[in-house]
Amino acid sequence: MTPAEEQLLAVIRSHPKGANEETLTTELDWEKAEIVNLVNSLSEQGFVDFVTVGKQLFFKARDINEANKTRDLSQNEKIVYNFIKSEKSKGIWSKDIKSKSGLHIQVVTDCIKTLEKYRLIKSVKSVKNPTRKLYMLFDLTPSEEITGGAWYTDQELDVAFIEGLTDMVFKFIGNRSYPKPTSSYASNGDETDAAQLIYPPDHTGYATTKDVHAFLKKSGVLKVDLGIMDVQMLVDRLWYDGKVTRIRKLGGDEVIEVWMYRTVRGQSVGAISGGGGGVWWTDTPCGKCAVAQFCKSGGPVSPEGCVYFSKWLEF
Amino acid sequence: MATHQAQVIALILGEQFGESAQIVASTLLSKGRLPLSQLITQTGLPPKQVREALFVLIQHNIVSYTEAPEGLRVVVHYSVNALQVLLRDRFPEYIRIAKLRFGEKAQHIIAEILKHGKCTFLHLQQALYPMESTPPDILDEFEDAFNTLIEQNFVVRVGDDDSVNVLDRKVSEEAAEVAKNPNMSASEKTKMKKALEAKSKGVEFEDMPTGMKRKLVYSFEEGDAKAAKVYDEDENMAERAYWRINPSRFHIHCRNEVLTALAESRINTSAKHLLNAILTYGEPSMKHCKADEVSAPITLTHLGSDTTFDKSLLTYNPSTPRASLQDYLALLTLDQDFPFLTKQDERGGGQYVCNLLSLKTALHQHLITTYLQEKFGIVASRIWRLLHTKGKLDEKQVAKLALISNKVAREKLYEMLNVGLIQLQDVPKTVDHAPSRTFFLWYVSLPKCVDAMILETYHMLSNLKIRRLKEYNANGALIEKIERSDIQEDESLLTDGERKGVEKFHKVMNMIRISEIRLDRALLILRDF
C-alpha cells in the first residue's frame with residue numbers, strides 16, 4: 001500500500017457510515033481523478049466497499065480483520081461471501097445463493113467450502129427446515145427466526161428449561177389461588193382446614209399472565225428475554241394439563257388480561273372414583289398393558305395365563 | 001365392541017344362571033331374535049332345557065318376546081336385552097343406595113326383588129317376614145318402605161307388555177299413533193317419534209296404578225264408584241301385581257352423588273352441601289340421566305327458607321347466611337371447567353339450574369384426560385385437551401402449541417390414534433387423494449372417545465371375569481373342602497397350608513371383585529349417564 005492510499009484509507013475509516021467523493025475532496029484537497037484511482041485500487045485490495053445510498057455513491061472502509069481475511073479470495077468467492085453477508089443473521093440457503101448469483105451450483109459449493117475453511121462463514125440449521133443448511137458470517141448469532149425463539153437451544157426444544165419454568169409458574173399461580181389459613185378469610189369462620197378455604201367469587205387477586213410475566217422477569221432465571229406471548233404459552237400449557245383453571249376477569253382490557261388462573265384443588269377423579277389416586281382403568285394390569293390388543297381367552301396372550309395378573313394378585 | 005360386550009354378558013350369565021342360560025342368551029345375542037324351534041337347533045340343547053332357560057331369563061327381565069303373525073300361526077320370537085345383563089354387575093350398588101336412602105327395610109326389599117327379577121308384594125312380605133307372629137308395627141314399617149320406593153319410582157310395576165321387546169313396543173306405539181291420525185305430515189311424524197322417545201325414557205310407568213296408595217277423590221258422586229274400583233283393584237294387587245326395580249332412578253341417584261363429590265373436590269365441602277340441596281330439590285322432576293338437560297330451577301329465597309338444608313354448613317366469611325349462599329352459588333356458576341350452575345333469572349334473589357347435560361360431557365372429558373395421563377403420560381392428555389379446545393390441527397401446530405418437540409408429538413398422537421382416543425382427518429389438496437399432497441389434521445370427537453373407552457372397559461371387565469373364573473376353578477378342591485359341613489363347624493380340621501390357601505384365595509377373589517366394581521363405576525359414568 002502506498003502512503004497516499006494509507007492516508008486516504010485513514011480518512012475513509014474516520015467516517016464509519018461511509019464517505020462520498022465530495023467529503024474526500026474537501027478533506028484531502030486532492031485531485032478528483034487521483035482519488036478515484038486510489039479508491040479503485042483500495043477496493044481491488046479489499047479495503048473499501050462501494051455503497052450506494054439513494055443516488056449517491058459512498059465509500060466505506062472494511063473492517064481491518066475482514067479486509068485481511070477477504071483480500072485473498074477469488075472473484076467468485078467474494079460474490080458468494082457478499083450474498084451471505086447481505087442476509088445477516090437470517091442466513092441464506094446454498095440454492096438461494098445459486099439462483100441469486102447465477103453461478104453454477106458446483107462453483108457455489110466450492111466457494112462455500114473455501115469460505116468455511118477460512119472460518120469466514122458458518123452453517124446453521126433452522127428449526128423450520130431442519131434439513132437445510134443456512135450460511136451466515138462466522139461471528140454472527142443466528143436470529144430468532146432460525147433458532148425458534150426462546151424455547152430452543154441449539155435448534156432443539158429445550159424441554160428441561162420449559163419444564164423448569166412451568167413448575168415455577170405453577171407454584172406462583174398456586175401461591176395466589178387459595179387463602180392462607182391465617183388470612184382474614186379463615187379467621188371469622190370456624191373452618192381452619194386449609195383444604196376448605198376459598199376466595200369469594202368476586203376476588204380478583206388471582207394470577208394473570210401479566211403477573212406471571214413480571215414474576216419470571218424479576219426471578220432472574222431467564223437467560224433469554226421472554227415476551228408476554230411466550231409466557232401465555234406456558235400458562236396455556238398448564239391449562240391443557242388440567243393443572244390450572246381459568247376465571248374470567250372483569251374489566252381487563254387487554255387480551256392477556258382476560259383470564260385469571262387458579263390451580264385445581266385436589267384430585268377430582270380420586271374423589272368421584274371413591275377414594276384412591278388412580279383411575280379405575282389403570283388400577284388393573286389391563287389398563288397399563290401394552291399387549292392388551294392381542295389379549296383374548298385361549299390366545300398366546302390371555303387373561304388366564306397373564307403374568308401381569310399373577311404379579312398383581314401376588315402383591 | 002360386540003365381541004367384548006358379548007363375552008362379558010356370557011360370563012355374567014354363566015356365573016349367575018349356569019351354562020344353559022348362558023348358551024341360550026349368547027345364541028340370541030349373536031343371531032338376533034329367534035323363535036323357539038330355531039333356538040333349539042342353534043343351541044343344540046334339549047327343548048326342555050331351552051324352555052326353562054327362557055323362563056328364567058324372562059323372569060329376570062333379560063329376555064323379551066314378540067308375537068308375530070306368520071300366516072295363520074302366531075310365532076313367538078325371543079330376543080335378549082344386553083343392557084339388563086350388564087346392569088347385573090351393579091346390583092350391590094343398588095342395594096347400597098336403597099339402604100342409604102330408605103333404610104334397612106328398603107334394602108331388604110330391593111335385595112329380594114333383585115333376587116327374583118320381579119315379584120309380588122305378597123311374595124315380598126312372606127319372604128322377608130315368614131313368621132306369622134311378626135308384630136304389626138314392623139309390617140307397617142315394611143309397607144311404608146315399599147310405598148316410598150314406589151312413590152319415588154325406584155320400584156315400578158311390571159306391565160302386561162313389560163316383556164315385550166322395546167323396539168316392538170315402539171313400532172306398535174308408532175303404528176297406533178299413525179292409526180289415530182293417518183294424514184300425518186313428516187314434521188308431525190318426527191314430533192310424534194320424539195314424544196314417544198321421551199316417553200320411553202323413564203316416564204313410561206308414571207300412569208300405571210300402583211295399587212298401594214289410595215287416590216284422593218274430590219267429586220263425591222262419581223267418587224263412590226271410582227273408590228270402589230280402586231279398592232277392588234287394591235285387594236288383588238298384592239297378589240297380582242309384579243314389581244321390579246327401575247335402574248334409571250338409581251342411576252340418577254348415582255349421578256347426583258358423583259356431581260356433589262365433584263363439587264367438593266373442585267371447591268369445598270360447603271359447595272357440596274349446597275349442590276346436594278339443589279339436586280335433591282330437583283330430583284323428583286328428573287326423568288333419566290340421558291334425558292335431563294338441567295335440574296328444576298331453584299331460587300335463592302327458596303334455598304334460604306329450605307328447612308332441610310342446614311345453612312351453617314356453608315363456611316367461609318359468613319357475614320349473613322344469605323350472603324354466603326349468594327357467594328357459593330356464584331362460585332358454582334363461575335367454574336369454567338365444570339359449569340355446575342347457570343343463573344336463569346333474577347327472580348327470588350336469583351334463579352339457578354344445575355347443568356346436568358354439560359356436566360356429563362365435562363365429566364366424560366375429564367375421565368378421558370385422566371386416563372390418558374395415567375396410561376400415556378401428561379403429554380398425551382395435554383395434546384388431547386389441546387385438540388379438544390382448538391379443533392383440528394396438524395402435527396406441527398400440535399407440537400408448537402403444546403410446547404413439545406415434533407417427535408414426541410408424533411409418537412403420542414399415533415399412540416392415542418391406536419386406541420381410538422384421537423381421530424385423523426385428511427384434507428386432500430388434489431382430487432387424486434395422494435398422501436403426499438394431503439393435509440392430515442388431528443382432532444378429537446368426544447362421543448367416539450367415549451365409545452372407545454366403553455369398549456376398552458368391556459375388554460378389561462371380561463379379562464377380570466375370566467381370570468376370576470380361572471382362579472376359582474384352580475382352587476376347586478380347596479373350595480369343596482371348606483364348604484363341607486364338618487369343616488364349616490370346626491375350622492381346625494384344615495391344615496396350615498390349606499388355611500393359607502384359603503386366605504390367599506379370598507384375597508385374590510376380593511381384589512378382582514373390587515376391580516370389577518370399580519370398572520363398573522366407569523361404565524356407569526360413560527355409558528349410563
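Letters A, B, ... are given to chains in the order of the sequence lines, protein chains preceding strands, and every chain is numbered from 1.
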Using modelled atom types only, decide if a donor and an acceptor are shared between the side chain of [X] and the backbone of [Y] within a distance under 3.5 Å.
| X | Y | value |
| --- | --- | --- |
| B/K375 | A/K288 | no |
| B/R382 | A/L238 | no |
| B/H459 | A/K296 | no |
| B/R266 | A/V264 | no |

With rounding to the nearest 0.5 angstrom, report the [atom1] to [atom2] distance, [X] to [Y].
| X | Y | atom1 | atom2 | result |
| --- | --- | --- | --- | --- |
| A/S302 | B/N463 | OG | CG | 9.0 Å |
| A/Y240 | B/L403 | OH | CG | 10.0 Å |
| A/C295 | B/I466 | SG | CD1 | 7.5 Å |
| B/N473 | A/E304 | CG | CD | 10.0 Å |
| B/R468 | A/F309 | CZ | CZ | 11.0 Å |

Quick check on [X]: does its [atom1] atom have over 12 non-hydrogen neighbours (other residues, nucleotides or ligands) under 6.0 Å away?
| X | atom1 | value |
| --- | --- | --- |
| B/K500 | NZ | no |
| A/F172 | CZ | yes |
| B/K400 | NZ | no |
| A/Y308 | OH | no |

Within a strict 4.5 Å, meaning less than it, do heavy atoms of the [X] and [Y] side chains meet?
| X | Y | result |
| --- | --- | --- |
| B/Q7 | A/S297 | yes |
| A/Y178 | B/N268 | no |
| B/Y328 | A/P200 | no |
| B/I378 | A/K243 | yes |
| B/L331 | A/Y199 | no |
| A/V159 | B/S405 | no |

Residue pair A/E314, B/K507: steps toward the salt bridge (Lys or Arg N to Asp or Glu O under 4.0 Å) verdict: CA-CA 9 Å; A/E314 284 293 322; B/K507 201 191 91 187; over 6 Å; no

Check: A/S310/B/R467 side-chain N/O donor and acceptor closer than 3.5 Å: yes

Contacting moiety of [X], where chain A heavy atoms sit under 4.5 Å:
| X | value |
| --- | --- |
| B/I404 | both |
| B/K390 | side chain |
| B/K504 | side chain |
| B/A402 | backbone |
| B/T389 | side chain |

Contact origin within A/C289 toward chain B - heavy atom pairs under 4.5 Å: backbone

Which one wins on heavy-atom pair count under 4.5 Å against chain A: [options]?
| options | result |
| --- | --- |
| B/L519, B/V419, B/L401 | B/L519 |
| B/Q336, B/E264, B/Q373, B/K396 | B/Q336 |
| B/K465, B/M460, B/K470 | B/M460 |

Residue selection (most heavy-atom pairs with chain B, distance under 4.5 Å) from A/T284, A/I247, A/T245, A/D241: A/D241

Closest contact, heavy atoms only, B/Y371 versus A/G287: OH-O, 4.3 Å

